[in-house]
Protein chains: 2
Amino acid sequence: MRLTKKQIIENRKRIVDAAAYLFRRDGFDAVGLADLMKSAGFTHGGFYNHFSSKDALVEEACRASFDSYTTRLAASLDASPEHFAKALKAYLSLAHRDDPGNGCPTASLVADVQRQSACVQAAFAAGLNTYAAILGKHLSKSLPIADAGSRKATTRERSLRLLSEIVGAMMLSRAVKKHDPALSKEIINASRAHAAAESLSGT
Amino acid sequence: MRLTKKQIIENRKRIVDAAAYLFRRDGFDAVGLADLMKSAGFTHGGFYNHFSSKDALVEEACRASFDSYTTRLAASLDASPEHFAKALKAYLSLAHRDDPGNGCPTASLVADVQRQSACVQAAFAAGLNTYAAILGKHLSKSLPIADAGSRKATTRERSLRLLSEIVGAMMLSRAVKKHDPALSKEIINASRAHAAAESLSGT
DNA sequence: ATTATCTATAGATCTATAGATAATGC
DNA sequence: ATTATCTATAGATCTATAGATAATGC
């Protein structure tokens, strides 16, 4: 049964979507092509009708993860000023912690990406830059105030620090979730309390 | 050729040390037993005279990484008050970024640990708790001041946030190091500038 | 001192699984 | 697109060997 071009494109998208989910949930190397194709509703062998190698899919899935995530984030933040605080609360939540497959690509892929090809690393770096730019755009709406050390932090510095903190908190929280759920929550809440303040005034 | 007991213990330690280095540098799953044993100066087959499985070594190496790292850190911090700022500067440095094999076990293993056995996750959680306790002990020497949002952050909250931030910054910096070295440095420096202030007054 | 035993080692091998390819079918 | 197959590599197992250790004997 030969498929229409439209159907082929649709099938390909199904594979990329499955990959974007599974790679974020389990990591690039932990997901095999057989399981991935099965999850997309196909058999193993058909993979190479769409991609030249696993690496090619990894790159595309990485890009797709960032695209959908940052697009949605930017739209939400542009909607109204108070959405910044809401977005931070949503980020630092148990729901986000427990659903990495649909969550922040940075937190899910940051460690894995170092073991991937140059193309994948480039896609990741591009996504991260976009991410930081979006944060910076909305942080700049609040005036930078003096640091405790009596120096002014630029908006760029503040957005990168905020990114480091929320990504770090999410990863740490996920890592101890099973064995130490109390600590897992504590990590998220520690940053959550501070993030609300950060979104208003900046420190 | 049978060895003395002392030599056997020494050989076992060589394997654990090699593992503690390679696992932190490349990740648990990316390091094969053949390469690991070769790196320790042995051949593949001898591995099972020392460990029942790879998982058993992963657990021991995880513990060993945390032990050596936190012991050294605690000793340094106890030496004198100004060592706290020094330790933070050393953490947020290019030297640390470029030597994960001897660096912070948390930053190296946090993502991998989720795919490992319960024993390994327990070892990680224990190490992280020790880590946070050490930071807390030294943060408590400086008085907590009001957050921008006019609430007081506890020492515990501050140590967890600090941990999230420096671990996150290190991971992000490493992830984009190859493809975007400028951003990599920027990430480290953004947190470095703030960390100095944090170590004195707390925000 | 001699003998028997124990065991870490090297190297070959087994089994499972991964990515990738080829042949087949609609 | 499916199915079967190929190839490489991983963890794990097995066997023979060497030589330290323990038990025995003088």
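In the text below, chain A, chain B and the rest are named by the order of the sequence lines, each starting its count at 1. Everything quoted here is computed from the prediction, not taken from an experiment.
One can place CZ of A:Phe28 at 13 Å from P of C:dG19, the figure rounded to the nearest angstrom. Here D:dA1 presents its P atom at 9 Å from CD of A:Gln7, a figure rounded to the nearest Å. In this structure, the NZ atom of B:Lys5 is 10 Å from the C1' atom of D:dA20, given to the nearest Å.
For DNA chain C, the neighbouring residues in residues 30-57 of chain A, judged by any heavy atom under 4.0 Å, are A:Val31, A:Gly32, A:Leu33, A:His44, A:Gly45, A:Tyr48, A:Ser53, A:Lys54. A heavy-atom distance below 4.0 Å to DNA chain D is reached by these residues of residues 8-17 of chain A, ordered by number: A:Asn11.
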Listing, residues 129-136 of chain B side-chain donor-acceptor contacts under 3.5 Å, not counting sequence neighbours, or none:
unit_1, atom_1, unit_2, atom_2, d
B:Asn129, ND2, A:Asp180, OD2, 3.0
B:Asn129, ND2, B:Ala125, O, 3.4
B:Thr130, OG1, B:Ala126, O, 3.0

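Contacts of B:Gln116 classified as side chain to side chain donor-acceptor pair (under 3.5 Å), with partners at least two apart in sequence or in another chain: B:Asp29. With sequence neighbours left out, B:Phe47 forms a ring pair (Phe, Tyr, Trp, His ring centres under 6.0 Å) with B:Phe51. Among residues two or more places apart in sequence or in another chain, the side chain to side chain donor-acceptor pair (under 3.5 Å) test is passed with A:Ser117 by A:Asp55. With sequence neighbours excluded, no residue forms a side chain to side chain donor-acceptor pair (under 3.5 Å) with A:Gln121. Annotation: ring pair (Phe, Tyr, Trp, His ring centres under 6.0 Å) contacts of B:His96 (sequence neighbours excluded): B:Tyr91.
For the salt bridge (charged side-chain N to carboxylate O under 4.0 Å, His left out) condition, the pairs that include at least one residue of residues 7-25 of chain B, sequence neighbours left out, are B:Arg12-B:Glu60, B:Lys13-B:Asp17. Every pair tested for salt bridge (charged side-chain N to carboxylate O under 4.0 Å, His left out) that includes a residue from residues 120-132 of chain B fails, sequence neighbours excluded, so the list is empty. Screening residues 109-123 of chain A for salt bridge (charged side-chain N to carboxylate O under 4.0 Å, His left out), with sequence neighbours left out, gives A:Asp112-A:Arg115, A:Asp112-B:Arg115, A:Arg115-B:Asp112.
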For DNA chain C, the dot-bracket pattern of Watson-Crick and G-U pairs whose distances stay under 3.5 Å, | for other-strand partners = ||||||||||||||||||||||||..

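Using a 30° and 60° split on the angle between ring planes, A:His138 and A:Phe84 fall in the parallel class, below 30°.
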